[in-house]
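Just so it is clear, the values below take in all heavy atoms, side chains as well, and ignore hydrogens, waters and symmetry mates.
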Amino acid sequence: MALLLTLSSVLLLVGPALAQSPDMSYEDYMAQLQACPKECRCPPSFPNAVYCDNKALKRIPTIPPHTWYLYLQNNLIDVLSTDAFRNATQLRWINLNRNRITSEGMEEGALATMPRLVHLYMDDNLLSSVPANLPSSLEQLRLSRNRISKIPAGVFSGLDRLILLELQGNKLQDDAVTEVSLKGLSNLVQINLAKNQLTTMPLGLPITITQLFLDNNAIEKIPADYFKGLPKVAFLRLNRNKLGNGGLPKNVFNMSSILDLQLSHNQLTQVPMIPSGLEHLHLDHNQIKSVNGSDICPVSADALEGYATETAPKLRYLRLDGNEVKPPIPRDLMVCFRLLRSIVI
């Protein structure tokens with residue numbers, strides 16, 4: 001009788017569940033729910049998801065075969081075995097954040113059996129190297145706050161669908177981030193290398209990069225032609241480095257693509273040349289004493305008279321607090337940057 005009541009309860013939920021999972025047959029739906037690990041939660045209204053987070057698990061339980069979304073964060077897992085996902089070949093999304101997985105605990109090919117995997121989250125683990133043999137279907141790979149000091153040559157080979165790579169808060173040095181180590185990332189859009197141990201601008205970045213985050217390193221200089229190889233960079237963050245005036249060649253940021261430039265908490269005493277297309281500039285907490293609008297204006301003095309608003313420099317937001325700049329705002333700054341709407345001093 002108890003079994004009949006349980007099945008009746010499940011049947012009441014089949015309708016809406018199947019409406020949300022049109023690719024799952026009734027038989028697969030029932031099999032998915034019945035195979036739910038006892039340590040986990042499998043909502044009947046969301047049958048493709050398995051929640052095993054915050055359970056103090058030391059191993060990965062057997063995952064039902066029709067699982068798309070798997071949540072394993074906040075556990076004590078230290079090994080990723082080849083058997084862990086053997087039956088779960090339909091996985092699209094795995095969250096393994098905040099576990100104890102080491103590079104030695106990553107068995108070779110542990111993730112290779114998932115041809116549909118798109119998102120892999122492994123932040124806050126104990127990895128010392130970027131994992132090898134990742135599925136070619138990956139679009140987002142998050143490995144922040146591990147102990148990664150090495151990116152093996154060829155580790156990204158075949159990952160031409162990857163668009164986001166998070167590596168902040170690791171132990172990467174200059175010789176770890178090279179054209180050889182990044183080879184294969186032909187469509188990468190965003191890379192986060194903040195809070196590592198870089199002293200120079202990383203070499204060999206894919207030309208497709210539009211968002212480059214390098215905060216909290218020890219970078220002192222940007223080569224004059226550095227961005228010629230990165231023609232699509234729109235968002236550049238270099239906060240909390242060691243950049244001084246001598247480390248910024250005059251026209252180093254002269255890129256038509258750049259929209260947002262962040263240079264806060266550095267050692268600048270002058271405002272760098274501002275490209276005409278830049279919309280947001282963060283220069284707070286440097287050592288800047290004054291701002292001369294004529295010196296930093298991307299439009300010549302002769303051209304200022306009568307140029308149309310639509311062709312004016314696009315700067316709208318300028319942050320200068322934490323410097324030695326005092327009000328009032330120089331008139332020549334406003335004459336040049338006519339679209340400027342907010343200045344923080």
Side-chain angles (χ1 to χ4, degrees), residues 151 153-154 156-157 159-160 162-168 172-194 196-264 266-268 270-283 286 295-300 303 311-316 318 336-337:
I151 304 177
F156 295 122
S157 179
L159 296 186
D160 54 4
L162 197 71
I163 58 174
L164 182 147
L165 177 58
E166 291 277 344
L167 286 166
Q168 70 166 320
L172 292 168
Q173 298 184 356
D174 299 325
D175 59 356
V177 187
T178 66
E179 184 174 1
V180 173
S181 64
L182 298 177
K183 187 175 182 180
L185 299 174
S186 56
N187 288 299
L188 196 67
V189 172
Q190 176 179 316
I191 186 168
N192 191 339
L193 291 165
N196 276 281
Q197 300 172 11
L198 303 177
T199 61
T200 62
M201 297 293 285
L203 301 176
L205 297 179
I207 62 171
T208 51
I209 291 291
T210 64
Q211 300 179 52
L212 175 57
F213 304 148
L214 294 165
D215 315 83
N216 290 88
N217 279 285
I219 297 170
E220 298 180 359
K221 181 180 179 180
I222 303 176
D225 59 351
Y226 182 80
F227 293 105
K228 288 183 179 179
L230 297 169
K232 296 183 178 181
V233 170
F235 301 90
L236 176 61
R237 294 196 334 220
L238 280 157
N239 302 318
R240 298 183 184 276
N241 277 280
K242 297 182 178 180
L243 292 166
N245 299 331
L248 298 183
K250 183 176 181 180
N251 294 310
V252 69
F253 299 122
N254 188 21
M255 301 176 284
S256 60
S257 60
I258 194 162
L259 300 174
D260 188 288
L261 175 60
Q262 299 188 21
L263 295 166
S264 304
N266 277 282
Q267 300 168 12
L268 302 173
Q270 300 174 0
V271 177
M273 287 293 293
I274 300 175
S276 59
L278 188 69
E279 296 183 4
H280 297 86
L281 177 59
H282 298 248
L283 292 169
N286 278 277
D295 290 344
I296 63 174
C297 185
V299 179
S300 66
T311 60
K314 299 297 188 292
L315 191 67
R316 289 172 166 79
L318 175 60
C336 175
F337 300 102

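- Y226 places no side-chain N or O within 3.5 Å of a backbone atom of F253 that could act as its donor or acceptor partner.
- Residues N192 and Q190 bring no donor and acceptor atom of their side chains to less than 3.5 Å of each other.
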Show your working on side-chain contact (heavy atoms from CB on, under 4.5 Å) between L172 and I151 and close with a plain yes or no.
CA-CA 9 Å; L172 292 168; I151 304 177; 4.0 Å; yes
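- A donor-acceptor pair is defined here as one N or O able to donate and one able to accept, closer than 3.5 Å; no such pair exists between the side chain of N254 and the backbone of M273.
- Contact annotation: the side chain of M201 approaches that of F227 to within less than 4.5 Å [non-hydrogen atoms, C-beta and beyond].
- Between S186 and P206 there is no side-chain heavy-atom pair separated by less than 4.5 Å.
- Between D215 and R240 there is no salt bridge, since no side-chain nitrogen of the basic residue lies less than 4.0 Å from a carboxylate oxygen of the acidic one.
- Residue Q267 qualifies as enclosed at atom CD: its count of foreign heavy atoms under 6.0 Å is above 12.
- In this structure a side-chain-to-backbone donor-acceptor pair under 3.5 Å is missing from T178 to D175.
- Looking only at distances, no side-chain donor or acceptor of N216 sits under 3.5 Å from a matching main-chain atom of A194.
- Under the 3.5 Å distance criterion, the side-chain polar atoms of N217 are matched with a main-chain donor or acceptor of N196.
- Between N187 and T208, the side chains place no donor N or O within less than 3.5 Å of an acceptor N or O (distance only, hydrogens not considered).
- A donor-acceptor pair is defined here as one N or O able to donate and one able to accept, closer than 3.5 Å; no such pair exists between the side chain of R237 and the backbone of F235.
- In this structure, D260 contributes its side chain and H280 its backbone to no donor-acceptor pair below 3.5 Å.
- A donor-acceptor pair under 3.5 Å is formed between the side chain of S257 and the backbone N or O of P231.
- Using modelled atom types, one side-chain atom of K314 and one backbone atom of A312 make a donor-acceptor pair closer than 3.5 Å.
- Judged purely by atom type and a 3.5 angstrom limit, S181 uses its side chain to pair as donor or acceptor with the backbone of A176.
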Step-by-step side-chain contact (heavy atoms from CB on, under 4.5 Å) determination, L164 to V189
CA-CA 6 Å; L164 182 147; V189 172; over 6 Å; no
